[in-house]
Amino acid sequence: MQPHPLPPFDAWLWLRAWQETWLATLDPAGAGKRLRAQRLQQLIETALRDSPLYARRSPGARVLADFEPVGKTELMQHFDDWVTDRRITRSGVDALLGAGQGVANAWLGRYLVWTSSGTTGEPGIFVQDAASLAAYDAIDALRLRVGPGPPGTTPALGLWGLGRRFAYVGAIGGPYAGHVTVARLQRIVPALLAPQVHLLSVLDPLALVARRLQALQPDVLITYPSCAVALAERQARGTLQLHLSELWLGGEQLSAAQRDALRAAFGCTLRNSYGASEFYSIAFECGQGQLHVNDDWVILEGIDARQRPVPVGTFSHTTLLTNLANLTQPLLRYRLTDRVRFVAARCGCGSGFPVIEVEGRSDDALVLPARRGGSVTLLPLALETVIEEEAGITRFQLLRHADDAIEVRLPLQGSHRRVAFDRCRLALLAYFERQGLAPPRVVFGRHAPVHQRGSGKLRRVIDLQARH
């Protein structure tokens, strides 16, 4: 049997990323701005030289503003011309994903691949090289998980820290960014130093997840805000008794009310972050609860509906992202549907990195009657993953009505819409059965999914009953 190829790892790139990230953390206005300018220039030169797509779209571009914004649909349609390594092809990636091998196995000897559908429902495939992975490692260890005080003064080393037990509750059924990241670290770190991370599926019934966490008693829980809140309700009732030192959150928007509930229930340090499949670690939360952009590695631009820059203090219509770490799959002024607002005032934590507020993913958790009495909480990301993985549908909207009926809205036309609905219905009913629900009716939606006015974001799970 052939041994599985180890994840990509370049010791020189890794050490360099850590050194440069540390220097920029200590001096964002000096070292950080200098490194940002160097990386941006290298990215522009590489994209115009080695990416046929960018060479066609932006001939003669010299500065970032010369590049027209680009979206996920265009990049996926021109995947082979987008990448800078001609060995990378869409057919090759599809074959890799279809083979279902280990999510942390190196591909073509030097890459990792992860996928995401995002809140627009448009599938995304992202190829990570050793340099981008090294940057994410450094940001995670030196900024996302730091102790109190200004960033750079008290490194906690993230998942590299020893002697702590971690539990990761998330989507672990495929090559998703969080799952791939955890699996990769477990394999590249020597066995005696490897983080002790227990992976739990967000698709499992919440009661089962709670029992497993109770038995594991992790020091650090890593999950989504909606899952953490559902577990906090059990903690508050006394049916779950965790003694967490830290709670790490990401992947969804965290509200002030959720933050208060989590702190009251768990009484531990809460570390929120903002990231995406397009750039894993966009912003980190400081001790003041503010999100700081890692702007030595990633550039964010808030724009209005006419693609004009918005002033500081104003929420954008959409956001443009430029990834300075990944030269293999260049992202220059890539459209994110999240709305961001840059805060003018300097943060009280002392960090010189820009502060942002984010309006991102905000789907609803659904609480439905259990088959044997009581209720069951269904997490939005779990519902979305079931339809994506088991029904093979990425563009949809679920609405829970006052009578507990679940309406499935699809954008497809004609007979294809009915066929897709049948797949969704069967996948949902099987999932409801596994969750111990008194099966609600799953009904065909005669209207197409409704996108949010302004942002165009697609909320994929909406509880209409909670709005009455």
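Side chains included, hydrogens not; waters and symmetry mates left out as well; all remaining heavy atoms used.
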Main-chain N/O of Leu270 paired with Arg259 side-chain donor or acceptor, under 3.5 Å: no
Heavy-atom donor-acceptor pair, Asp364 side chain to Asp463 backbone, under 3.5 Å: yes
N/O donor-acceptor pair under 3.5 Å between Gln235 side chain and Phe266 backbone: no
Any Pro380 side-chain heavy atom under 4.5 Å of Ser226 side chain: yes
Validation row: Phe342, Pro311 side chains within 4.5 angstrom (heavy atoms): no
Flag side-chain contact, heavy atom, 4.5 Å: Val93 against Phe79: yes
Worked verdict on Thr223 versus Leu249 for side chain to side chain contact (heavy atoms under 4.5 Å, CB included): CA-CA 5 Å; Thr223 191; Leu249 301 172; 4.2 Å; yes
Exercise: identify the closest heavy-atom pair between Ala230 and Leu379: CB-CD2, 4.1 Å
Within residues 425-437 or reaching into it, pairs that qualify as salt bridge (charged side-chain N to carboxylate O under 4.0 Å, His left out) - sequence neighbours excluded: Arg371-Glu433, Glu390-Arg434
Listed partners of Tyr334 passing ring-ring contact (aromatic ring centres under 6.0 Å, His included), at least two apart: none
Gln217 (side chain) donor-acceptor with Gln241 (main chain) under 3.5 angstrom: yes
Arg372 CZ: over 12 foreign heavy atoms closer than 6.0 Å: no
With Glu246, the salt bridge (Lys or Arg N to Asp or Glu O under 4.0 Å) member among Arg271, Arg263, Arg165: Arg271
Rounded distance (nearest 0.5 Å) linking atom OH of Tyr280 with atom CD of Gln128: 10.5 Å
Side-chain donor/acceptor of Asn294 to backbone N/O of Ser281, under 3.5 Å: yes
Thr319 (side chain) donor-acceptor with Leu336 (main chain) under 3.5 angstrom: no
Val113 side chain reached by Ile125 side chain, heavy atoms, under 4.5 Å: yes
Side chain proximity check, Thr269 to Leu247, heavy atoms < 4.5 angstrom: no
Atom of Arg446, atom of Glu407 and distance for their closest heavy-atom approach: N-OE2, 4.3 Å
Straight-line distance of Gln435 CD to Leu378 CG, nearest 0.5 Å: 6.0 Å
Any pair counted as salt bridge (charged side-chain N to carboxylate O under 4.0 Å, His left out), so long as it reaches residues 311-335, sequence neighbours left out: Glu301-Arg333
pair Leu221-Val169: side-chain heavy atoms closer than 4.5 Å: yes
Chi angles and distances behind the side chain to side chain contact (heavy atoms under 4.5 Å, CB included) call for Asp338, Gln253: CA-CA 10 Å; Asp338 295 341; Gln253 186 170 343; over 6 Å; no
Any donor-acceptor N/O pair, His447 side chain to Arg409 backbone, under 3.5 Å: no
Nearest non-hydrogen partners of Val310 and Asp304, listed with the distance: CG1-N, 3.6 Å
Ile387 vs Leu398, side chain to side chain contact (heavy atoms under 4.5 Å, CB included): CA-CA, chis, key distance, verdict: CA-CA 10 Å; Ile387 293 182; Leu398 301 183; 3.7 Å; yes
From Leu366 atom CG to Leu464 atom CG, the distance as rounded to the nearest 0.5 Å: 10.0 Å
Pairwise distance CD(Gln214) to CZ(Arg211) - rounded to 0.5 angstrom: 11.0 Å
Partners meeting ring-ring contact (aromatic ring centres under 6.0 Å, His included) with Phe421 (sequence neighbours left out): Phe444
Ring geometry between Phe284 and Phe353 (parallel below 30°, tilted from 30 to 60°, perpendicular above 60°): perpendicular
Validation row: Leu300, Asp295 side chains within 4.5 angstrom (heavy atoms): no
CD/Glu68: more than 12 non-hydrogen atoms of other groups inside 6.0 Å: no
Residue pair Asn323 / Leu43: nearest heavy atoms and the distance that separates them: O-CD2, 3.3 Å
Gap between atom CZ of Phe279 and atom CG of Asn326 - 0.5 Å precision: 9.5 Å
No-hydrogen, no-angle side-chain donor-acceptor test under 3.5 Å, Arg143 and Thr25: yes
Short side-chain to backbone donor-acceptor contact, Trp114 and Phe126, under 3.5 Å: no
Atom pair SG (Cys268) and CH2 (Trp248), whose distance is rounded to the nearest 0.5 Å: 12.0 Å
Heavy-atom pair of closest approach, residues Leu410 and Pro449: C-CD, 3.5 Å
By ring-ring contact (aromatic ring centres under 6.0 Å, His included) - contacts of Trp107 (at least two apart): none
Exercise: identify the closest heavy-atom pair between Val312 and Val343: CG1-C, 4.0 Å
Salt bridge flag under 4.0 Å for residues Arg90 and Asp80: no
Basic-acidic side-chain contact under 4.0 Å: Asp204, Arg212: yes
By side chain to side chain contact (heavy atoms under 4.5 Å, CB included) - contacts of Ala134 (at least two apart): Trp14, Ala17
Beyond-backbone contact of Leu368 with Arg400, side-chain heavy atoms, under 4.5 angstrom: yes
Polar side chain donor-acceptor pair, Ser132 to Asp129, under 3.5 angstrom: yes
Side chain to side chain contact (heavy atoms under 4.5 Å, CB included) assessment of Asp137 paired with Arg184: CA-CA 11 Å; Asp137 287 345; Arg184 170 180 165 270; 2.8 Å; yes
